2 protein chains.
Amino acid sequence: MAAKIIAFDAPKNSATKERILDAAEALFMEHGFEATSLRQITATAGVNLAAVNYHFGSKEELFQAVLTRRLDPMNQERIGLLTRFEREAAPRALSCERILAAMFIPALRLARDRRRGGKDFLRLLGRAYADPAPFIRQFLSEQYAVMISRFKAAFGRALPQLPKRELSWRLHFVMGALSYTLAGTDALKLIAELNPRDTHNDETLLRRLAPFLVAGLKAPLPDLVELDGENVAQARIR
Amino acid sequence: MAAKIIAFDAPKNSATKERILDAAEALFMEHGFEATSLRQITATAGVNLAAVNYHFGSKEELFQAVLTRRLDPMNQERIGLLTRFEREAAPRALSCERILAAMFIPALRLARDRRRGGKDFLRLLGRAYADPAPFIRQFLSEQYAVMISRFKAAFGRALPQLPKRELSWRLHFVMGALSYTLAGTDALKLIAELNPRDTHNDETLLRRLAPFLVAGLKAPLPDLVELDGENVAQARIR
DNA sequence: GAATCACTTAAACGTTTGTTTGAATTCTAG
DNA sequence: CTAGAATTCAAACAAACGTTTAAGTGATTC
């Protein structure tokens, strides 16, 4: 009798790992890494406290596992999409818009699909970006290294007139705006009285972001910028 | 004799508060709010553990005090600068470049001046942006509300053809790129093999960021954007 | 010179933290 | 059916946490 009840609410096989990952993802997103306790996670997942250390080794390794589960496939998808777009456009070089699309679409898919983490995961990712914990920074570096260099090369071909140094910076700005936007912190609520229906409609969000970023990428070089007969450097001096 | 020694290393008056704020600022920046303990802070500051609760009430209130000390003057300076620029340009409307300059310059001054917190504080601010803790979010909202609405109005005059909804979004992107950039997380190190001399040269950094953002603000509206005869929405569908 | 003040101090408060242990249980083969 | 590996479990671990307390200090005020 007791066995039947157990069969109901206790997943016999190692779906335990999945349940822990799901609970950890939601809680890390909501409270951050440090502020989330293993007891909260295991209670939410409905598993024993020791399960985390048994399956993942430590809290830090659990956090990395939470990120890897979503991030690795997403970045793989980005690279795959970029390659496909390039093949389709060959022999012409890919436009900035298409390259950005290759970055956005996998993120959008992830945000849309609750089974893949949904918006919660992107917010968690946004948090992780700003986290100075060494183990997080190093982990993200490794996760992103291949994808970033791949996209940088693509943008380099799309913007051949742009010096590489400048491209590096602008790509950095792009990543900043993108992660800040996708993270969807409530900070934006103070910037805009946004239409509530818009607030988390990720598609329209990215469709607004894309032209903004493309224009930024194609902007004239800093030295040549004119502004009311005065450049920013001059404006800086009181 | 003992009195003399005490006079040396123990500030008799309430410079204790300042020492706590300084230590807390550095440690919060390095480890985040949750991961920083009051014992670390008081040990670094060379004061008694109970001093934090005596002078600030709680750890949360200390964190807010750390932010307020720098943030409030900076935003005041931003508003003041914007007002001055507007007077100087009158009756002509202010250009986007000048408005952005009014946002950047006070941040730049803060980043430059170690006595005002320097880059460390901006990194702390970048972290706080991404923190979901309610007391942090609400605090930042209150701190930024006035400044943001002021700048939004200014941009509205500079870009009269841009719908307000669109402006809200773009201002959000601007804040994202700016905070991400100023926070200067090491995440950028994986994006660019940047010249080490450039890496934290905030002035050149902002001079690169400004044209990028201005171009983004002036970008054509999303619906009208063309890209290789295909728009982003269409590209989205596999 | 006693009283009052702002402040500092050491010690302890009760919780909560991540991790470990060793026995119970379940699953997997031979 | 049984031996053995894999997993779950309750319990306990030491350590660290934010906060509070009550005594103590030294200067200021009446």
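Just so we're clear, the structure is a prediction, and the values are computed from it rather than from any experiment. The sequence lines fix the lettering, A, B, ..., with proteins before strands; numbering per chain opens at 1.
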Inset, instruction - Indicate whether OP1 or OP2 belonging to C/dC7 is found under 4.0 Å from a side-chain N or O atom of B/Thr16. - result: no

Legend entry - Residues which pass side chain to side chain donor-acceptor pair (under 3.5 Å) with A/Glu30, listed by chain and number, not counting sequence neighbours: none

Legend entry - side chain to side chain contact (heavy atoms under 4.5 Å, CB included) involving A/Phe135 - partner list, sequence neighbours excluded: A/Phe33, A/Glu60, A/Phe63, A/Gln64, A/Ala133

Inset, instruction - Please name all residues satisfying side chain to side chain donor-acceptor pair (under 3.5 Å) with A/Glu61, sequence neighbours left out, ordered by chain then number. - result: A/Ser58

Legend entry - DNA chain C contacts among residues 23-39 of chain A, heavy-atom distance under 4.0 Å: A/Thr36, A/Ser37, A/Leu38, A/Arg39

Inset, instruction - Mind calculating the distance between NZ (A/Lys17) and C1' (D/dT8) to the nearest angstrom? - result: 15 Å

Inset, instruction - Would you please name every residue forming a salt bridge (charged side-chain N to carboxylate O under 4.0 Å, His left out) with A/Arg78, sequence neighbours left out? - result: none

Legend entry - Nearest-Å distance for atom pair CG/C1', residues A/Leu49 and C/dT21: 13 Å

Legend entry - B/Arg137 side-chain N/O to B/Tyr129 backbone N/O, donor-acceptor pair under 3.5 Å: yes

Legend entry - Check: A/Tyr144 ring centroid to A/Phe151 ring centroid under 6.0 Å: no

Legend entry - Residue list, side chain to side chain donor-acceptor pair (under 3.5 Å) with A/Arg39, at least two apart or on another chain: none

Legend entry - Whole-Å gap separating C1' (C/dT20) and CG (A/Asn53): 8 Å

Inset, instruction - Specify the separation, in whole Å, of atom CD of B/Glu18 and atom C1' of C/dC7. - result: 16 Å

Inset, instruction - Under 4.0 Å from any atom of DNA chain D, heavy atoms only: list the residues of residues 58-66 of chain B that qualify, in numerical order. - result: B/Ser58, B/Lys59

Inset, instruction - Rounded off to whole Å, could you give me the CZ-to-C1' distance for the B/Phe56 and D/dT19 pair? - result: 16 Å

Inset, instruction - Please work out if A/Ala51 contacts a base, only the sugar-phosphate, or nothing of the nucleic acid, heavy-atom cut-off 4.0 Å. - result: nothing

Legend entry - C/dT8 OP1/OP2 closer than 4.0 Å to side-chain N/O of B/His55: yes

Inset, instruction - Identify, with sequence neighbours excluded, every residue that meets side chain to side chain donor-acceptor pair (under 3.5 Å) alongside B/Arg127. - result: A/Asp131

Inset, instruction - For A/Gln40 and for B/Asn48, locate the closest nucleotide of DNA chain C by heavy-atom distance; then report the residue assigned to the nucleotide nearer the 5' terminus. - result: B/Asn48

Inset, instruction - List for me each residue that meets salt bridge (charged side-chain N to carboxylate O under 4.0 Å, His left out) alongside A/Asp113, sequence neighbours excluded, and say none if there are none. - result: A/Arg115, A/Arg116

Inset, instruction - Whole angstrom is fine here: how far is it from OH in B/Tyr54 over to P in C/dA11? - result: 21 Å

